[in-house]
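In what follows, a structure is listed as structure tokens, so that the remarks can point back to it.
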Amino acid sequence: MLAAPMRVALFVPCYVDQLWPRVGLAAASVLERQGVEVAFPEEQTCCGQPMSNAGCADAAAPLARRFLEIFSGYDAVVCPSGSCTSMVRNHYEGYLAGRPGFDALRRSTYELCEFLVDVLGVKTLEGAYPHKVGLHQSCHGLRELRLGTPSERIVSPRTSKVAGLLGTLRGIELVPLARADECCGFGGTFAVAEEAVSCLMGKDRLADHARAGAEIVTGTDVSCLMHLEGLARRDGVALRFKHVAEVMSEATA
Amino acid sequence: VSGVPPPGAAAGRDHPERAAAFVANEARARWHDQALWYVREKRDRAATLVPDWELLRAVAAAIRAHTQGRLADYLEEFERNAVARGAKVHWARDAAEHNEIVHRILAGHGVRRVAKSKSMLTEECGLNPYLEARGIEVVDTDLGERIVQLAGEPPSHIIFPAIHRKREEIGELFHAKLGTPAGLADPKALTEAARGHLRERFMTADAGMTGVNFAVAETGGIVVCTNEGNADMGTHLPRLHVACMGVEKVVPTLADLAVFVRLLARSATGQPVTTYTSHFHGPVEGGELHVVILDGGRARLLADPRFRRSLTCIRCGACMNTCPVYRRSGGYSYGYVVPGPIGSLLGAARDPVGNASLPFASTLCGSCDDVCPVKVDLHHELLLRRADLAERRIVPASKRLGMSVLSWILARRWAYELAGALARFALRTLPRGVLYSRWNAWGRRRELPAPPEESFRQAWRRTRGARRG
């Protein structure tokens, strides 16, 4: 055990804060159960990814600078989103390179599952989750954070930090998908700008999870789940959607 | 085909519109997706059989980076050695100069009919219509290329030019153009019919044209990879061979070539190697070999550190096969000669205004980066190109203004909290007819999220605020 509890700042993506508060609460409870002291810096708003991905660097830059100020000084910054974590780790360079504290911030910012595995060294999770679960591997977590081995990478062993953690819950069945890590089509503004392709991609993911017999679709990013959930609800597809933090916190509840 | 418009073509002026037209036929879009996913899976299996595939990719990327750094030297070395082997080397600044050079060579030999094996570069230059307007018939001899040529369409994929066509449609096309029996849809029979038709063209061509997969600096030889042997058929009979290549095709040595040959077919089709890997070292006896080397904006791309890695592409098409957008939106949705992730980069480099929607035709899922045999950072370059377009004010002002307003709100906690509360209030109270009006692209096929009563921060303050301040 650690001598003093780690002081972790919870970085809650803007859309999670506003639309999916239960995911933020679940993430906090998962962390606290591991003996971590969780703070929520209330000045935080958004990391700037929507502007950055739209190409609007001028609009993203002030948010990156703000983020650095707000989240400096913690042992770690933990976020229940691979995509927003990747924004800080992989895409802040252009906005913050050379600023005091930036390298430390970048090194200490983690997606929730990778924080549990890589920093806290969690090997198994307590609790039971007797459900058939489909894991949606959100692309930025998978390929920009390398939370797992993407299907197109020819390496062994093939790993997944997320599946590795979830798989230790008693009674959980992670169902095999025909396409293990195909993009769901959310893609930020892509979801709206390329609405037709986005929705077809999402429907194809739903069909894959349904064929595999999943009851619940989980993933590291609510953005993807929000898109899939919206499609499923419109089309009457009987799948439920839960963020990995919810699965982990409900399992032990 | 005859009467059937190419799906997705000419259906709009930017990628979203053209993609929507292709996707409107869900069954067809899914069939297209599945056909290319099959190729992606074949590629995975083929790559798995190579020990240290990822190391091979890294070596290839390093060779490409090294070559780029001394591109002019290697091109001159290639030229010296090619000339020593009896080839004639021509340098073309742009497509117009390229076409003039090719036409001058052909016209100088009184050529009336050319048998041309697949070359995306001649597509890029619009060579076929240029020559045909000057009385020279061009017969594309690659089966897929011949299909789209007969249909009057451009290729929709750089490796599988007619991938967007079902075999029944090809049967219909061959019935109309080659006189095959109506209703013939058996791929083997259709291929036989095309072979017979092409054989006669091969026999009567006055010149052969090919693209170039690789030009080897140390030997002065050029390498053409095909599965149908059509490059050989087209160049063996006539005394004149014209090969067209971009400046990026040069590799330093034969040992380097071996690295790319191991990667190319596995990445492209999942074959260990193409059926034919044809090496041309100088002209056939009594004949002429001309190599036309095109810049066509490549030097400009090379000069830009943000985008130069896209110039190392070896045109295997793996990024198309893995791209979840390309697989569903079809090649024509890109409106550029090379589609998919690499095409979006090259298209936006060539004509940033005309192809402004292409860098946004991606979810930035990053799968393309991981399949690319030469490790082009495709999805990162797409992101950089978006920033480049915004900086040059090619991204619409409305979008830039919208992002600025959003940034202003998000930079102020009070404005952000107020906007969030208003949005949740609107989601809870506005009638469905208003929420799901025409402007709501999200809601066309998707439900909006069910809004919670309170935000995370409100819940946190309520439940933890007292404890943690």
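- Heavy-atom distances place no part of A:Cys184 under 4.5 Å from chain B, backbone and side chain included.
- Here the side chains of A:Arg179 and B:Arg40 are not in contact, with every heavy-atom distance at 4.5 Å or above.
- Proximity to chain B (any heavy atom under 4.5 Å) is restricted, for A:Ala193, to the backbone atoms N, CA, C and O.
- When each of B:Gly443, B:Ala411, B:Ala390, B:Ala421 is checked for heavy-atom pairs under 4.5 Å with chain A, B:Ala411 comes out on top.
- Inter-residue side-chain proximity for B:Pro452 and A:Pro21 is flagged as met; some heavy-atom pair is nearer than 4.5 Å.
- With a threshold of 4.5 angstrom between heavy atoms, A:Glu182 approaches chain B through side-chain atoms but not through N, CA, C or O.
- A salt bridge between B:Arg446 and A:Glu229 is absent, with no side-chain N of the basic residue lying under 4.0 Å from a carboxylate O of the acidic one.
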Worksheet item: Can you list the steps and then say if A:Asn90 with B:His380 is a side chain to side chain contact (heavy atoms under 4.5 Å, CB included)?
Response: CA-CA 10 Å; A:Asn90 298 313; B:His380 187 60; over 6 Å; no
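- For B:Asp14, no part lies under 4.5 angstrom from a heavy atom of chain A.
- Salt bridge status for B:Arg327 with A:Asp204: absent, with no side-chain N to carboxylate O gap under 4.0 Å.
- Counting only residues at least two apart or on different chains, the ring pair (Phe, Tyr, Trp, His ring centres under 6.0 Å) pairs with a member in residues 32-60 of chain B are B:Phe22-B:His32, B:His32-B:Tyr326.
- Under the 4.5 Å side-chain criterion, counting only non-hydrogen atoms from C-beta, A:Met201 is in contact with B:Val325.
- With a threshold of 4.5 angstrom between heavy atoms, A:His227 approaches chain B through its backbone and through its side chain.
- Counting heavy-atom pairs closer than 4.5 Å to chain A, the top-ranked of the candidates B:Arg57, B:Glu417, B:His379 is B:His379.
- In this structure, the portions of A:Val192 lying under 4.5 Å from any heavy atom of chain B include both its backbone and its side chain.
- With respect to chain B, the highest number of heavy-atom pairs below 4.5 Å among A:Gly202, A:Cys199, A:Gly188 belongs to A:Cys199.
- Crowding of A:Asp58 atom CG: a count of heavy atoms from other residues, nucleotides or ligands under 6.0 Å not exceeding 12.
- Heavy atoms of A:Leu228 lying under 4.5 Å from chain B are absent altogether.
- Interface remark: A:Leu63 contributes side-chain atoms only to the contact with chain B (heavy atom separation under 4.5 Å).
- At a heavy-atom separation below 4.5 angstrom, chain A is approached by B:Phe360, B:Ala361, B:Ser362, B:Thr363, B:Leu364, B:Cys365, B:Gly366, B:Ser367 within residues 356-367 of chain B.
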Item to complete: Go through the steps for A:Cys14 and B:Tyr416 under the test side chain to side chain contact (heavy atoms under 4.5 Å, CB included), then give the verdict.
Response: CA-CA 9 Å; A:Cys14 49; B:Tyr416 160 77; 3.8 Å; yes
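- Of the two parts of A:Arg233, the backbone and the side chain both hold a non-hydrogen atom closer than 4.5 Å to a non-hydrogen atom of chain B.
- A salt bridge does not link B:Arg457 with A:Glu42: every distance from a Lys NZ or Arg NE/NH1/NH2 to an Asp or Glu carboxylate oxygen is 4.0 Å or more.
- Contact count against chain B (heavy-atom pairs under 4.5 Å) is highest for A:Leu200 among A:Val155, A:Leu19, A:Leu200.
- When the heavy atoms of residues 140-153 of chain A are compared with those of chain B, the residues falling under 4.5 Å are A:His140, A:Arg143, A:Glu144, A:Arg146, A:Pro150, A:Ser151, A:Glu152, A:Arg153, listed by number.
- Note on B:Arg412, B:Lys399, B:His15, B:Arg400: by heavy-atom pairs under 4.5 Å with chain A, the leading option is B:His15.
- Using a cut-off of 4.0 Å between Lys/Arg side-chain N and Asp/Glu carboxylate O, B:Arg464 and A:Glu32 are scored as salt-bridged.
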Discussion item. Side chain to side chain contact (heavy atoms under 4.5 Å, CB included) for A:Gln18 and B:Glu454? Distances and angles first, verdict last.
Written reply: CA-CA 8 Å; A:Gln18 294 300 326; B:Glu454 52 181 6; over 6 Å; no
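- Each of A:Tyr15, A:Phe11, A:Phe40, A:Trp20 was compared with B:Phe456 under the ring-ring contact (aromatic ring centres under 6.0 Å, His included) criterion, and only A:Phe40 meets it.
- Against chain B, the residues from residues 49-56 of chain A that qualify, each with a non-hydrogen atom under 4.5 angstrom away, are A:Pro50, A:Met51, A:Ser52, A:Asn53, A:Ala54, A:Gly55, A:Cys56 in number order.
- Among B:Val395, B:Leu383, B:Thr322, the residue with the largest count of heavy-atom pairs under 4.5 Å with chain A is B:Leu383.
- Comment: B:Glu453 does not engage A:Arg22 in a salt bridge, judged by the lack of any side-chain N to carboxylate O separation of less than 4.0 angstrom.
- Among A:Asp181, A:Thr189, A:Thr45, the residue with the largest count of heavy-atom pairs under 4.5 Å with chain B is A:Thr45.
- The choice from B:Trp414, B:Trp408, B:Trp442 that makes the most heavy-atom pairs within less than 4.5 Å of chain A is B:Trp442.
- For B:Leu382, no part lies near chain A; criterion is any non-hydrogen pair under 4.5 Å.
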Item to complete: Just do the side chain to side chain contact (heavy atoms under 4.5 Å, CB included) check on B:Trp460 and A:Val38 with the steps written out, would you?
Response: CA-CA 11 Å; B:Trp460 182 265; A:Val38 180; 4.0 Å; yes
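- If you take CG on A:Leu25 and OG1 on B:Thr463, they are separated by 6.0 Å, rounding to the nearest 0.5 Å.
- Interatomic distance, CD of B:Gln458 versus CG of A:Asp17, reported as 8.5 Å (0.5 Å rounding).
- To the nearest 0.5 Å, atom CG of residue B:Leu56 and atom CD1 of residue A:Ile154 are 11.5 Å apart.
- The shortest distance between side-chain heavy atoms of B:Glu447 and A:Asp235 does not fall below 4.5 Å.
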